[in-house]
Amino acid sequence: MRKVAIFIFFMLSSLLAMGQTACCDSVFHTYVYNDEYQVYLDIDLYAQNVTVPGQEVLGAMCGYFGAVRDSRKWLITSAKVDGGTKAELEIVNDYGSEDLTATLTYCPDGNRYVLRQTGGSRLRIVVNRKWVKLPNELTFTPHVRVRNAY
């Protein structure tokens, strides 16, 4: 009987520890979307094992920034999570010709994310064959993944 009680105790403590890890690690392992500009972030800043569709040759990385109306991607090459609700990102375009730094902040009150560009080039996407500069601050919300044909 004592062995059963000890076994149950260890199993419950293991399950609780796994649950706490999953909770904390899920903030920056997500897919978020901005409705206004139709752009998204697909990220895993913890394991850094996201592959960019159509660019698998680059290997796994922290994630990428994409647009529904543009096949180009901005690659998140480096990420440092500060405290659990803020991350410092280094982002480069898929040609490697432009780069920028940004912060991604999780706002638990509204379940939203804010991407602020802090330096370097501006994020740009193509809409109707014209370049569109995105604002320095974008708000994203968790979203069901939308698969592109690209």
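Worth saying up front: this structure is predicted, and the values here are computed from it rather than measured. Residues take their numbers from the sequence shown, with the count starting at 1. Computed from heavy atoms alone, side chains included, the values below leave out hydrogens, waters and symmetry copies.
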Hey, is the main chain of [Y] close enough, under 3.5 Å, to the side chain of [X] for a donor-acceptor pair?
X    : Y    : result
W74  : R124 : yes
Q117 : L115 : no
N93  : S97  : yes
D70  : V126 : yes
T118 : T101 : yes

* Would D99 and I91 count as a side-chain contact (heavy atoms from CB on, under 4.5 Å) if you check the C-alpha gap in whole Å, the side-chain angles of each, and the deciding distance to 0.1 Å? -> CA-CA 6 Å; D99 63 344; I91 304 172; over 6 Å; no
Distance in Å, [X] [atom1] paired with [Y] [atom2], rounded so as to fall on 0.5 Å steps:
X    : Y    : atom1 : atom2 : result
T141 : N34  : OG1   : CG    : 7.5 Å
L89  : L100 : CG    : CG    : 9.0 Å
E36  : L134 : CD    : CG    : 9.5 Å
I43  : Y64  : CD1   : OH    : 11.5 Å
F140 : C107 : CZ    : SG    : 12.5 Å

Are side-chain heavy atoms of [X] and [Y] found at a separation under 4.5 Å?
X    : Y    : result
L75  : L58  : yes
V50  : C62  : no
P142 : N111 : yes
V27  : Y113 : yes
T103 : K86  : yes
E88  : D82  : yes
L138 : Y37  : yes
L104 : L41  : yes

Minimal heavy-atom distance between I76 and M61, with the atoms involved, is O-CB, 3.8 Å
Requested in this report: Start with the C-alpha gap between Q38 and Y33, add the side-chain angles, then the distance that decides, and say whether side-chain contact (heavy atoms from CB on, under 4.5 Å) holds.
Outcome: CA-CA 7 Å; Q38 297 177 356; Y33 189 78; 3.4 Å; yes
With a sphere of 6.0 Å drawn around CG of N128, does it hold more than 12 non-hydrogen atoms of other residues, nucleotides or ligands? no
Shared hydrophobic cluster for L45 and V114 (ILVMFWY, side-chain gaps under 4.5 Å)
no
Note to self: Looking at E137 and R116, is there a salt bridge between them, counting it only when a charged N and a carboxylate O are closer than 4.0 Å?
What the structure shows: yes
Worksheet entry | Under-4.0 Å salt bridge between E90 and K80 | no
- Message: If you take the centroid of each ring, where Trp contributes its six-membered ring, are Y40 and Y31 closer together than 6.0 Å?
- Response: yes
